[in-house]
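Reviewing the structure listed below.
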Amino acid sequence: MLPSSSPVPATLPPESRLLANLNPEQLAAVTLPAEPALILAGAGSGKTRVLTTRIAWLLQTGQVSPGGLMAVTFTNKAAKEMLTRLSAMLPFNVRGMWIGTFHGLCNRFLRAHWKQANLPQTFQILDAGDAVSAVKRVIRAMQLDEERFVPKQVAWFIAGAKEDGLRPKDIEVRDAQTQKLAEIYQAYEDQCQREGVVDFAELMLRSFELLRDDPHLRAHYRARFRHILVDEFQDTNRLQYAWLKMFAAMPGERDALGETATGALFAVGDDDQSIYAFRGARVGNMADFEREYRVRHRIKLERNYRSFGNILDSANALIEHNTGRLGKNLRTEAGPGEPVRVHESPSDFAEAQWVLEQAEQLHRAGTARAEIAILYRSNAQSRVLETALFNAGVPYRVHGGLRFFERAEIKHALAYLRLIENPDDDTSFLRVVNFPARGIGARSVEQLQDIARATGRSLHQSVGALGGAAGTKMANFVRLVAGLREDTRGRTLREIIERMLAASGLLDFYRAEREGQDRVENLEELVNAAESFVTVEGFGREVVALPVDETAGLLPDADTGEIISPLAAFLTHAALEAGDNQAQAGQDAIQMMTVHAAKGLEFDAVFITGLEESLFPHENAAAEPDGLEEERRLMYVAITRARQRLHLSFSQTRMLHGQTRYHARSRFLAELPEGALKWLTPKEGSFSGGFSGGFSGGFGGGFGRGSSYGGGHGGGYGGSSGFARSAAPAPAPAPLPPKREPDPSGQGLRKGLRVFHNKFGEGVVLALEGSGADARAQVSFGRHGTKWLALSVAKLTPIDD
DNA sequence: AAGCAACCCCTTTTT
DNA sequence: GGGGTTGCTT
């Protein structure tokens, strides 16, 4: 038995309205037959629109039911965006659909098949930081040198191996070092298994292996998902592509149910925007896909609705310098627009000052600050820029850095919650066993770990064997967690968290701390997050735009139909979506971020700073041709973020690692078309030859030397501003989803009825909610407790009294 | 257990 | 240069 699909809705918008305003290429892509297809979607070409419209069109024309398609993205944001747009296009709840991130969908899959995947039902997800601490524990337990086996690097190695589909036994042992690494990997795997936790890569690998090794399960899913749509396909790694292959049969492939129709894998991507090779992404997957699936439909989306001509000309000319491209050229009907402005500064400090002044000038001329982005290659560059903005009192927002669920106080709180769910989660146990301080020293913890190691049990299970005063304190801690578990059973998420915060002493601890105000506020924010989570989650409520992974946790178990607890769902959410990083979101502030972080975003005005050799392209990447090409793609991504105005900036000197460094201007500047540029400082600058001579005279003097240099088109302000934006595709007006009458009596159930469940035995129906595929019943089973069951899966037989 | 000095790193990193 | 962590000292 498997999760079933939702019914097809009664009313849909007419096909003509769905397809209106698509350009010919977009239309062709949207209406392709159910066959493998590769869409080369240039920056700003309406990629998301094609994806969502295709989904809507497939549903509208009855080619597929909502449960029969899957759409995969990389980020929660992209998945959310897709769901939001879809719910505006379709008159029904998109919630049950398999639309989400790779990891979110894997989680959903493993929650439904936890037994077959050899996982505990309450398995927890380790984020990157958790994984490093877990690796560290393994290395210590093996008494290895942490200098030689740096936990972070080992964690990277393990993740890399998993993303290549390799288990410890598959690691090719070339030397003593890899031998040991494979051993650590094995021990780490054992530890995770023992503790009931999985890391990000494990989510993927475990679900891939389950499908690979179970032909019937694979056949089931292949028969179910008639259409599989993938966003940002150029960023997929080996494992992700292999995972997709499990869901979409290749031409001529047979499976347990006989010959399968070739899976309609609809891949959307842009090889020119592949910027994650360093993390294992494999652009080659695009070519492999075309070959292996004998792709007959390849469509290029080259019409750009975002940027003016000069900006696109720059992007096109730059990327021409790369080899082995699939070939694509962006074009626009928006006219050339403003020239791309290039500026040289004597120092990074002066550069920051210039950017600040230009940005503020734009703001005074009417551009919202939130529509101005300052981009840089590496995070270290943000500080001098931040300082300039801060001193000028200009509001700004730095993207990246610590995110909500990664904050220490939040991780502590989550650790308590995870222990409530799964006491064997040793990572969480160690995090909070002595936090807030309970007089449990490091030595006692080590003793406990020794016992646990010797007996092969979790720390929590080993506490009883620890004697002495330390043993008593530990036992108190275990009792605290157990008490919380008892105390919070059946309570709302809000109550659970509030009780935990009080009973654990976390809140008191931070209240007493001098600098703890922010942390207290964050903990309060956690309660709020839980509250809104529940509201969105709320059984039976209409939901229009729904955060993706939040649905995942509530999928019913494949065997019993049991729905996991809101707490478990919340913990999954916390692990899979780290949350945003800034409280000041919403304010009109200048946006600052790395180029990587800017991918997928767009702004009226963009500043690309630090365009210097060894910075951008970065010195570590420039050595290899592949590295240089990726840097160039990175520059391409940066350029194509701009709608109306683009500023390129570089500096003669820069403080780096505590030293003043002198860099030549980036080679990328020379790869841009002269006609699209306007040099605000002399193109052949007085310092371009190096850093000798009248260097000091350059400070300050090089400033505001006016715009009379260079030349090309002037172009004038105003007039055309806003054009690019209004020409961009807008989502169709949102028809409100019709309210559906709850019909929970699908199985002839009613409140108070006594029922029988194959696994849980006799029970009494306490409540009924939702309808159709969403219908749920709350049943009290006595010995097995009270459970929410999905009626589409759970078999409940009424018992006559 | 807290506070401070010493030490280390320093590209990007969606999940 | 600076931020974060570690470990030593009180």
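Convention: sequence-line order gives letters A, B, ...; per-chain numbering from 1.
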Nearest-Å distance for atom pair [atom1]/[atom2], residues [X] and [N]:
X: A:Leu656; N: B:dC9; atom1: CG; atom2: C1'; answer: 13 Å
X: A:Met635; N: B:dT12; atom1: CE; atom2: P; answer: 18 Å
X: A:Phe405; N: B:dT14; atom1: CZ; atom2: P; answer: 16 Å
X: A:Arg661; N: B:dT11; atom1: CZ; atom2: P; answer: 10 Å
X: A:Leu375; N: B:dT11; atom1: CG; atom2: C1'; answer: 15 Å
X: A:His103; N: B:dT15; atom1: NE2; atom2: C1'; answer: 4 Å
X: A:Leu615; N: B:dT12; atom1: CG; atom2: P; answer: 11 Å
X: A:Asp235; N: B:dT12; atom1: CG; atom2: P; answer: 17 Å

I'd like the P distance from C:dG4 over to B:dT13, given in whole Å. 16 Å
Below the 4.0 Å mark, does [N] have OP1 or OP2 next to a side-chain nitrogen or oxygen of [X]?
X: A:Thr594; N: B:dT13; answer: yes
X: A:Asn237; N: B:dT15; answer: no
X: A:Arg403; N: B:dT15; answer: yes
X: A:Asn379; N: B:dT12; answer: yes
X: A:Arg383; N: C:dG2; answer: yes

Closest-nucleotide mapping onto DNA chain B: is A:Trp156 or A:Gln153 further toward the 5' terminus? I mean the 5' end. A:Gln153
5'-most by nearest nucleotide on DNA chain B - A:Ile440 or A:His596: A:Ile440
Of all heavy-atom pairs between A:Ile55 and A:Ala71, which one has the smallest distance, and what is that distance? CD1-CB, 4.0 Å
Within the side chain of [X], is there an N or O that forms a donor-acceptor pair under 3.5 Å with the backbone of [Y]?
X: A:Asn322; Y: A:Glu629; value: yes
X: A:Asp235; Y: A:Ala281; value: no
X: A:Ser666; Y: A:Glu612; value: no
X: A:Arg438; Y: A:Val433; value: yes

When you compare the ring of [X] with the six-membered ring of [N]'s base, are the centres less than 5.5 Å apart and the planes under 30° from each other?
X: A:His618; N: B:dT11; result: yes
X: A:Tyr276; N: B:dT12; result: no
X: A:Phe278; N: B:dT12; result: yes

Go through [options] for me and flag the one nearest to the [X] side chain.
X: A:Arg377; options: B:dT15, B:dT13, B:dT12; result: B:dT12
X: A:Ser378; options: B:dT11, B:dT15, C:dG1; result: B:dT11
X: A:Asn620; options: C:dT6, B:dT15, B:dT11; result: B:dT11
X: A:Ala437; options: B:dA1, B:dT14, C:dG1; result: B:dA1

Reckon [X] touches a base, only the sugar-phosphate, or nothing at all at heavy-atom distances under 4.0 Å?
X: A:Ala201; value: nothing
X: A:Glu163; value: nothing
X: A:Lys162; value: nothing

Give a yes or no on whether A:Arg238 atom CZ has more than 12 heavy-atom contacts from other residues, nucleotides or ligands under 6.0 Å away. no
Mind telling me whether B:dT12 is syn or anti, cutoff 90° either side of 0? anti
Axial cation check for A:Phe123 ring with A:Arg111, 6.0 Å and 45° limits: yes
